[in-house]
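Some notes on the structure that comes next.
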Amino acid sequence: MTFDHSVGGVCVSEIYSVVAIFKPPNAMRGGIQMCFPQFGYSGTLERHGFARNRIWTLDDEHPPINHNDNGSKVSVDLILKPSEDDLKCWPHCFEFRLRVSLSKDGDLSLVSRIRNVNGKPFSFSFAYHTYLSVSDISEVRIEGLETLDYLDNLSHKERFTEQGDAITFESEVDRVYVSSPNVVAVLDHEKKHSFVIRKEGLPDVVVWNPWEKKSKTMIDFGDEEYKQMLCVDAAAVERAITLKPGEEWTGKLELSAVSSTNCSDHLDHPVSI
Ligand SMILES: O=P(O)(O)OC[C@H]1O[C@@H](O)[C@H](O)[C@@H](O)[C@@H]1O
């Protein structure tokens, strides 16, 4: 995995739609997008909030590029503060700091710190809207969400309980798995690797694939591209996060690609990002 610059998200190689539209300040379809201060259409803002559609700046509290002591990790620190226009539609002053780190082994980690610099409390929802590249969606399965409750966005957020062993795909899926464990794996048999997603501070996992019919309605997405992608988002959606004046919230994500044979070891391990 590699990353380059950020327009409201992190560009991870090979997980962009071939017809994605790059027209700043709008987020491109793909990568990892910061959904803040709203997920989906749960409030009055544009879908998934405005943070993914803003130009972020380097946080001058840190050097532009950071290397850790033994040189095994490199990171950049970005910051987003609301513009006057943002404050008109969401009247809460915040500082959103994002540290994006890439290890020598290719593990990508994102740490978001959101601080209330307002005189009053505010609440928000959040997601790392993460596009994963898969060989064939029909052959992929997610482990770590079985037996959980989920809210089905395709049925007016009705609550269901997952029944199967692992989650597999044969039609459109748009679900919020609630109170999930902190490690989830996406197994891709054809590629013989798995994505391991570790999270902290983010109780939910959103799983989305638009399948054939919806793909045809999306202008920045190829008709067949649903076969090679899957979104698995570490998120805080079911219950909003509330910050009092001066308080800060932290939400972490780590994404690694591991060989499928080692995947179950990762599922057993506790999170340490
Ligand atoms: O097209 P967007 O705004 O990037 O959103 C894509 C999808 O993102 C998912 O996370 C949502 O659960 C879906 O409902 C939504 O359709």
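Note that ligands are numbered from 1 as they come in the structure, with each ligand's atoms numbered from 1 the same way. All residue numbers refer to positions in the sequence shown, counting from 1.
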(message) Regarding Arg97 and Glu61, does a basic nitrogen lie under 4.0 Å from an acidic carboxylate oxygen?
(response) yes
(message) Give the atom numbers and elements of ligand 1 that come within less than 4.0 Å of a heavy atom of Val206.
(response) 10 (O), 12 (O)
(request) Number the atoms of ligand 1 from 1 as they appear, then name those within less than 4.0 Å of a heavy atom of Asp233, with their elements. (result) 10 (O)
(request) May I ask whether Arg175 has any heavy atom positioned less than 4.0 angstrom from an atom of ligand 1? (result) no
(message) For Phe36 together with Phe94, are the ring centres under 6.0 Å from each other?
(response) yes
(request) List every atom of ligand 1 that sits less than 4.0 Å from any heavy atom of Arg29, numbering the atoms from 1 in the order shown and giving each element. (result) 1 (O), 2 (P), 4 (O)
(message) Pairing donors with acceptors under 3.5 angstrom, does anything connect the side chains of Asp149 and Thr161?
(response) yes
(request) Taking Tyr128 for its side chain and Ser112 for its backbone only, find out whether a donor-acceptor pair lies under 3.5 Å. (result) yes
(request) Decide whether Ser103 and Asp105 meet the rule of one side-chain donor and one side-chain acceptor closer than 3.5 Å. (result) no
(message) At less than 4.0 angstrom from any non-hydrogen atom of Asn153, what atoms of ligand 1 do you find?
(response) 12 (O)
(request) Tell me which part of His129 gets within contact of ligand 1: side chain, backbone, both or neither, using heavy atoms under 4.0 Å. (result) side chain
(message) Check contact between Glu172 and ligand 1, using heavy atoms of the residue and a distance below 4.0 angstrom.
(response) no
(request) Considering the heavy atoms of Arg52, write down every atom of ligand 1 situated less than 4.0 Å from one of them. (result) 2 (P), 3 (O), 4 (O)
(request) Identify, by atom number and element, the atoms of ligand 1 in contact range of Asp174, meaning under 4.0 Å from any of its heavy atoms. (result) 11 (C), 12 (O), 13 (C), 14 (O)
(message) Less than 6.0 angstrom separating the ring centers of Trp90 and Phe122, yes or no?
(response) yes
(request) Out of Trp208, Tyr41, Phe39, indicate the one that has the non-hydrogen atom closest to atom 7 (C) of ligand 1. (result) Trp208
(request) Can you pull out the closest protein heavy atom to atom 5 (O) of ligand 1? Residue, atom name and distance to 0.1 Å, please. (result) His48 NE2, 3.4 Å
(request) Could you check atom 2 (P) of ligand 1 against the protein and tell me its nearest heavy-atom contact, residue, atom and distance included? (result) Arg47 NH2, 3.5 Å
(request) Would you mind reporting whether Leu151 and Val237 have side-chain heavy atoms less than 4.5 Å apart? (result) no
(request) Could you check whether the rings of Tyr131 and His129 sit parallel, tilted or perpendicular, using 30° and 60° as the cut-offs? (result) tilted
